[in-house]
Amino acid sequence: PLTPLRCVRGSDTKIGHYRRDRPLASASTFAKIHRFETTIFGMMNDHLVQWEALRVNARYLFVASVICACLLSGCGRPPMTYVLGEESTKSLDASAQEKLAGALDGFFGTPDAPKLAEPLKRVIKGDEAALAKGASSYRKLCMHCHGLSGDGNGPTAKFVLPLPRDYRPGIFKFTSTDAQANPTREDLMQTLKNGVPGTSMPSFALFDQKEIENVLDYVILLSIRGQTERFVVADAESGGELTAESVADNAGAIANRWIG
């Protein structure tokens with residue numbers, strides 16, 4: 001068998017040539033090196049096994065801690081809230097904004113539980129249960145563009161052109177009424193069924209008619225809520241009060257405008 005070689009330099013050899021007569025190291029030295037390598041690799045393997053076990057245990061520990069936190073604090077998403085318009089946030093201080101938001105929620109409800117106050121029943125066809133279904137469908141189908149509050153500022157709004165409609169002023173593009181007047185229910189129904197070609201607004205003609213009606217009712221609720229907010233803020237700037245009565249009075253007047 002060949003013996004390990006070493007490179008020698010001298011007058012009788014060329015630089016870089018190898019000779020077979022003189023081994024690089026003895027057999028005992030190679031045995032020691034082999035034992036050393038075996039020991040090192042064994043220790044490394046043990047550490048890798050321990051690290052993997054620690055990583056797996058840490059993962060289970062994290063999952064267990066999350067489950068415990070849920071059991072202690074209660075699972076579920078946080079309640080959704082409407083966002084006040086830019087005019088409100090600019091005109092009112094934090095305390096007044098909180099008061100206004102509370103008065104609006106007291107009359108119109110929340111995204112999770114919309115309310116159908118008496119003045120709105122003249123405009124909205126469905127009952128509160130149907131309105132809640134419309135709110136749920138709106139969040140699935142419309143909110144990503146038009147926003148939770150109907151302000152046209154949903155998560156995908158900045159990626160589409162033209163920008164989604166802001167419902168809150170009560171002004172819509174495709175209507176049979178005057179430019180500054182509220183649309184008819186049939187106007188909005190046509191937009192929902194036909195969509196708007198050349199924009200990101202699709203047609204919902206294949207959806208169940210009852211679901212479309214529920215979504216339409218909820219869109220009207222968002223629009224009246226937005227208009228009411230603007231009127232109440234305008235009254236407050238003129239010395240009026242941010243009260244539930246002011247919200248109810250303005251909402252009733254706006255609902256009458258939607259009727260005729």
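Reckoned from all heavy atoms, side chains included, excluding hydrogens, waters and symmetry mates.
- By the 30° and 60° cut-offs, the orientation of the rings of F172 relative to Y167 is parallel.
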Q: Report the C-alpha separation of V196 and K173 in whole Å, then their side-chain angles, then the decisive distance to 0.1 Å, and conclude whether the side chain to side chain contact (heavy atoms under 4.5 Å, CB included) test is met.
A: CA-CA 10 Å; V196 182; K173 186 172 184 179; over 6 Å; no
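- Ion pairing between K90 and E87 fails under the 4.0 Å rule for side-chain N and carboxylate O.
- A salt bridge does not link K210 with D208: none of the charged nitrogens is closer than 4.0 Å to a carboxylate oxygen.
- Side chain of D217 to main chain of K125: a donor-acceptor pair is present (N/O by atom type, distance under 3.5 Å, no hydrogens or angles).
- The two residues P169 and R230 come nearest to each other via the heavy atoms CB-NH1, 3.0 Å.
- The CG atom of L221 lies 11.5 Å from the CG atom of L216; values are rounded to the nearest 0.5 Å.
- Considering only heavy atoms from C-beta on, V83 stays 4.5 Å or farther from L148 through its side chain.
- Between the side chain of S223 and the backbone N or O of V219, no donor-acceptor pair lies under 3.5 Å.
- No donor-acceptor pair under 3.5 Å is formed between the side chain of S246 and the backbone N or O of V232.
- Residues I124 and R185 fail the side-chain proximity criterion, which asks for heavy atoms closer than 4.5 Å.
- Shortest non-hydrogen contact noted between L188 and P183 is CD2-CG, 3.8 Å.
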Q.
Working note: E213 + K133, criterion side chain to side chain contact (heavy atoms under 4.5 Å, CB included); need CA distance, chi angles, decisive distance, verdict.
A. CA-CA 10 Å; E213 293 281 357; K133 292 179 181 178; over 6 Å; no
Q: Give the C-alpha distance, both sets of side-chain angles, the deciding distance and a yes or no for side chain to side chain contact (heavy atoms under 4.5 Å, CB included) between L84 and L104.
A: CA-CA 10 Å; L84 293 179; L104 289 169; 4.0 Å; yes
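- When all heavy atoms of G152 and A157 are compared, the pair lying nearest together is O-CB, 3.5 Å.
- Side-chain contact of T228 with N250: a donor-acceptor pair under 3.5 Å is absent, judged by distance alone.
- For CD of E86, the number of neighbouring non-hydrogen atoms (other residues, nucleotides, ligands) closer than 6.0 Å is 12 at most.
- A pairwise comparison of heavy atoms in K121 and L116 identifies CE-O, 3.6 Å as the closest pair.
- Residues I171 and F231 fall into different hydrophobic clusters, defined by Ile, Leu, Val, Met, Phe, Trp and Tyr side chains chained together at heavy-atom separations under 4.5 Å.
- No donor-acceptor distance shorter than 3.5 angstrom exists from the side chain of H146 to the backbone of P164, with no hydrogens or angles considered.
- In this structure, CD on E237 lies 7.0 Å from CG on L92, to the nearest 0.5 angstrom.
- Note that CH2 of W258 and CD1 of I254 are 10.5 Å apart. Values are rounded to the nearest 0.5 Å.
- A pairwise comparison of heavy atoms in Y218 and P111 identifies OH-CA, 3.9 Å as the closest pair.
- Side-chain contact check for S88 versus L100: some heavy-atom pair is nearer than 4.5 Å.
- Side-chain N or O atoms of R122 include one that pairs as donor or acceptor with a backbone N or O of P119 at under 3.5 Å.
- A donor-acceptor contact shorter than 3.5 Å is absent between the side chain of S136 and the backbone of A132.
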Q.
What verdict does the side chain to side chain contact (heavy atoms under 4.5 Å, CB included) test give for E229 and Y82, after you've listed the backbone C-alpha separation in whole Å, the side-chain angles of each residue and the deciding distance to 0.1 Å?
A. CA-CA 12 Å; E229 177 187 334; Y82 292 119; over 6 Å; no
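- In summary, the side chains of D187 and T184 do present a donor paired with an acceptor at a separation below 3.5 Å, with no hydrogens or angles considered.
- A distance-only check finds a donor-acceptor pair linking the side chain of T177 to the backbone of N182 [under 3.5 Å].
- R168 is not listed as a side-chain neighbour of R225, based on a closest heavy-atom distance of 4.5 Å or more.
- Between the side chain of S149 and the backbone N or O of D151, no donor-acceptor pair lies under 3.5 Å.
- Between K99 and D93, the closest side-chain pair of non-hydrogen atoms is not below 4.5 Å.
- Criterion: ILVMFWY side-chain heavy atoms under 4.5 Å apart, direct or through other members. Under it, M201 and V160 are not part of a common hydrophobic cluster.
- In this structure, OG1 in T191 is found 10.0 Å from CD in E186, a value given to the nearest 0.5 Å.
- Residues Y138 and M143 have side chains in contact (heavy-atom distance under 4.5 Å, counting atoms from C-beta outward).
- Looking only at side-chain heavy atoms (C-beta outward), F207 and V215 stay at 4.5 Å or farther from each other.
- Here the side chains of R139 and M80 are in contact, with some heavy-atom distance below 4.5 Å.
- Between A205 and S203, the closest heavy-atom pair is N-OG, 3.2 Å.
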